[in-house]
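Working notes, beginning with the structure itself.
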Amino acid sequence: MRGLSLPAATLLALCGLAGPARAQESQTPPLVHQHWSFDGILGTFDNAAAQRGFMVYQQVCSACHSMKQMYYRNLTGIGLNDDEIKAIAGSVQVPGPLDENGAPTERPGLPSDHFKSPFANDTAARAANGGALPPDQSVLEKAREGGADYIFAVLTGYSDAPAGMKMQQGMNYNRFFPGNQIAMPQPLHGNDVTYTDGTPSSLDQEAHDVTTFLAFAANPELNGRHQMGVKVVLFLAFLTGLTYAVKRKIWADVH
Amino acid sequence: MAGLHKSDFPNPVINWIDTRLPVFTLMQKEYGTFPTPKNFNYFWNFGALAVVALMIMIVTGIFLAMNYTPNVTMAFDSVERIMRDVNYGWLIRYVHMNGASMFFIVVYIHIFRGLYYGSYKAPRELLWMIGVVLLLLMMATAFMGYVLPWGQMSYWGATVITNLFSAVPAVGPGIVTWLWGGFSVDNPTLNRFFSLHYLLPFVIVGVLFLHVAALHITGSNNPLGIEVKSPQDTLPFHPYYTVKDSVGVCVFLLIWAALVFFYPNYLGHVDNYTPANPLATPADVVPEWYFLPFYAILRSVPNKLGGVSMMFGSILVLFVLPWLDTSPVRSCRFRPIYRQLIWVLVVDVLLLGTVGAHPPEGIWVVIGRVCTSYYFLHFLVVLPFLGKLERPLPLPESISRPVIPRGGGPLPGAAPAKPMGKP
C-alpha cells in the first residue's frame, strides 16, 4: 500500500480491498500466480487434473482432513462415471441403520453419502494431530486469501527453518504459511501417488492437481456459472445497446 | 354513480377497476404524465436503481429463506447446501450476497447526488430525512444479513458491533445481553437476526413509499438546482425517464451480473467461509466494505463511548444537514468554493474507508483521526459558514432558458460538473 499514490489508495478502498492489511504480520513472500484451468471468465476445471487431485486427496489429505460438504455423487462434476463413483463410495464403511436390537450397524458407502471424515469429531482430530485441528477442506479454496495460489504455495513451501529461527515444538517451517510455523508436516514430497494416466507425480504436479480438486470442491458450480455468465453478460450488453438506441430516439426531439 | 372515481380508460376492465379503485389513474399521474425536470443527468438514475436493487434483494432473499436454517449448528452447512444442492441456489445466493454491495454502491452515489445538487434543501428536507432513515434501515438489514451464514466474520462482526452498545452508560451491558438474548452471541442472537433480517426489508419498502410520496409532492430537484417554473421546463416521466432509467438499469444489471458470474467472492471476506468459532478470533475483524468508513470513525476515537457516538453521529449529522447548509443556492454548479470542497469530502470518506480496512496502527491512526475530524468539520463548520461567505454564480432564469440574458453566466452544458466520470 505504501507505494501507492493517495488517489489510488482511496480507489482501492472503494473497491473494498481489505486484503493488503493482513500480510504485514508475517514474513511471507508474495504469492506467485499459477496458471489454473479455471482462471478467468471462460475458465473450466481440467477434469484430468481434478481427477488426479482427487486421487491425491484420497490417498494423502483425507488421512487427516475431512470434506464434509462433499457427496460422492458430486464427483460426476470432475468427469467420473457412475460405476467409478459407486466403487469409490463402496470402499468405505459408513454408519447404517440400527439393527433389530437397536445396536449401530455399518454398511458400504453409497454415492448419496457424504465423504467419510477421517475422525469421529474435532476432539479426536486434535488428539491425533498434536492438538492442531486439520481444517475441513470443502471450501478451503474460498476460505484463504489467495485461494488456489495460496494452497499451492503452502503445499510447495516447506523447507528447513532458516538458521536462528526458533521453531515451536512439533511445528514445521513453511515460507507461505502466516507466521511461518505450520502444524501440518509436509504432506506431499513427490511420488506420493502413482497416477493411473501415467502423469509423472512430481511435487509440483501433485500440488497443482490437488489444488485443482480443492478448487472444484469449493466451487462445484464454476463451469456452469462461467458458461451462463457469458450468455447473461452478452445478453445484457445487447439489451443495453438496444435500450440506449430507444432512448436516443425518444429523446431526439427534446431541446 | 356518486362516489365513484371518474375514469376514461378505453379498456372496460381497467375502467371498471379504476372507477372503484383508481390505481391506474394514480400510476398514470405519478409515473405516466408526472411532470419531471427535463435536464436530469444520469445521476438521477440512482433512485430507480436502488428500487431495482431492493426488489431483487427481496425476491432472492425469500427464496434463500426457504432453504436456510437459522441454527448455529446448521446455518453454515445450510448455506453450503444452497450453494451445492438447491437448483440454481448458487445463483440466488451470489446475487443476494453481491446485491448488498450493489445496493450500497447505488445508494451512496444517490446520496452523493443529493449532496452535490443540494437536493436536501427546502422544500425537500423531509424527503432527505426519510432517505437517511432508509440508509439506517439498510445498514441494520445488511449487518444482520451478514451474520446469517455464521462464518467467522459473521460471528465476530456481530460480537464487535453488538458490544458497541455496552458503551452506553449504566444500562449498556444490560442492553447487550438483551440484544443477544443470552450472555454471548449465540443461537438466540442468530434466530432474532434472521427474523429481523426478513422483517426490515419490508419496513424499508414502507418507508420507501413515504420517500417517493414526499418526492412526488415537492417534485424532483435537478442539476441546476432551480425550481420548475413552467411546463416548458418539464417532460412527462413516461416515456422520457422510464427509458432513461431503463438504460441505467441495464448497465447496473450488467455490472452486477459480471460480479455474480465471474468474481462472486471478490467483495467478500475469505474468513466467512470458515464456520464460526467462538474460541478463535480472526487476525483482524473487519466489516464489509460499505461499513469501513464508519468503522474507521469508530476506531479513531480512543474512548469507546466517544467512538460509538461519533460513528452514529456521522450519520445522524445528515438529519440536520438541511439546516447546517446555509447557502440559498442548491446546485454545486453555482457554488464555486463548495464545488471543490465536496470533492474533499468524497476523498475524505474514501480515505476513511481505506483506514477502516487496516489495523489501527501507526500512520493509519493518524490518517483516521484527521479524516474523522474533517468529516465533522465539513458538516458542522464548513457548511454553515461557507453559505454566508461564498458568492454564488448567477443562477439561470429557468431550466428551459438556462443562458443568463446579459453577461457571463455559465452555460450548464459546458459546466465542468460532468458527473458520470468521477465516482
Side-chain angles (χ1 to χ4, degrees), chain A residues 1-2 6-7 9-22 24-25 40-41 68-71 74 135-136 138-147 178 218-222 224-230 232-233 235-237 239-244 246-247 249-251 254-255, chain B residues 38 77 80-81 83-85 89-91 94 101 151-152 235 239-240 243-244 246-247 249-251 253-254 257-258 260-275 283-284 286 288-290 292-293 346-347 349-359 361 363-364 400 423:
Chain A
M1 289 302 281
R2 285 199 188 113
L6 213 70
T10 55
L11 275 179
L12 277 180
L14 188 67
C15 301
L17 279 183
R22 333 191 73 249
Q24 291 168 352
E25 296 141 22
I41 62 172
K68 291 175 185 164
Q69 310 292 348
M70 287 284 283
Y71 294 91
N74 294 143
D136 183 85
S138 317
V139 284
L140 194 72
E141 196 266 341
K142 291 200 282 195
R144 294 292 181 275
E145 202 80 60
N219 310 277
E221 83 298 341
L222 180 138
R225 168 156 60 78
H226 283 179
Q227 225 173 31
M228 190 193 287
V230 170
V232 169
V233 164
F235 169 76
L236 283 174
L239 192 66
T240 305
L242 204 66
T243 314
Y244 186 66
V246 174
K247 189 254 166 196
K249 181 109 173 91
I250 287 175
W251 279 75
V254 178
H255 303 290
Chain B
K38 63 196 268 184
D77 289 347
E80 274 308 311
R81 191 170 170 82
M83 293 295 291
R84 289 155 191 271
D85 285 335
W90 59 267
L91 179 60
Y94 276 158
S101 289
Q152 273 290 67
L235 292 168
Y240 292 99
V243 75
K244 194 165 180 174
S246 299
V247 175
V249 168
C250 286
V251 175
L253 293 180
L254 190 64
V260 165
F261 289 106
F262 304 131
Y263 304 99
N265 295 302
Y266 181 70
L267 295 171
H269 197 290
V270 288
D271 279 357
N272 231 27
Y273 280 110
T274 303
D284 192 21
V286 284
E288 291 282 83
W289 69 266
Y290 38 81
L292 288 176
V346 170
V347 170
V349 171
L350 293 179
L351 263 177
L352 278 172
T354 317
V355 172
H358 289 80
E361 308 160 342
I363 187 73
W364 296 112
S400 52

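Just so it is clear, the model here is predicted, and its values are computed rather than measured. Proteins come first, then strands; the chains are lettered A, B, ... in the order of their sequence lines, and each starts at number 1.
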Heavy-atom contact with chain B under 4.5 Å, split by part of [X]:
X: V233(A); result: both
X: V254(A); result: side chain
X: Y71(A); result: side chain

Most chain A-contacting option - heavy-atom pairs closer than 4.5 Å, from [options]:
options: E288(B), M83(B), K244(B); result: K244(B)
options: P264(B), G356(B), S101(B), G89(B); result: P264(B)
options: D85(B), V260(B), V349(B); result: D85(B)

**OP:** Check H358(B) against T354(B) and note the closest heavy-atom contact, atom names and distance.
**Re:** ND1-O, 2.7 Å
Subject >> Residue list, side chain to side chain donor-acceptor pair (under 3.5 Å) with Y290(B), at least two apart or on another chain >> reply: none
Original post:
Side chain of S138(A), backbone of Q69(A): donor and acceptor closer than 3.5 Å?
Top reply: yes
**OP:** Return yes if some donor-acceptor pair links the side-chain N/O of W251(A) with the main-chain N/O of Y240(B) below 3.5 Å, else return no.
**Re:** yes
Original post:
Would you say the side chain of V270(B) lies within less than 4.5 Å of the side chain of R144(A), judging by non-hydrogen atoms?
Top reply: no
Subject >> Between P220(A), G224(A), G147(A), the one whose heavy-atom pairs under 4.5 Å with chain B are most numerous >> reply: P220(A)
Subject >> Greatest number of heavy atom pairs closer than 4.5 Å to chain B - which of M70(A), K247(A), R225(A) >> reply: R225(A)
Subject >> Gap separating the CG atom of N265(B) from the CG atom of N219(A), nearest 0.5 angstrom >> reply: 7.0 Å
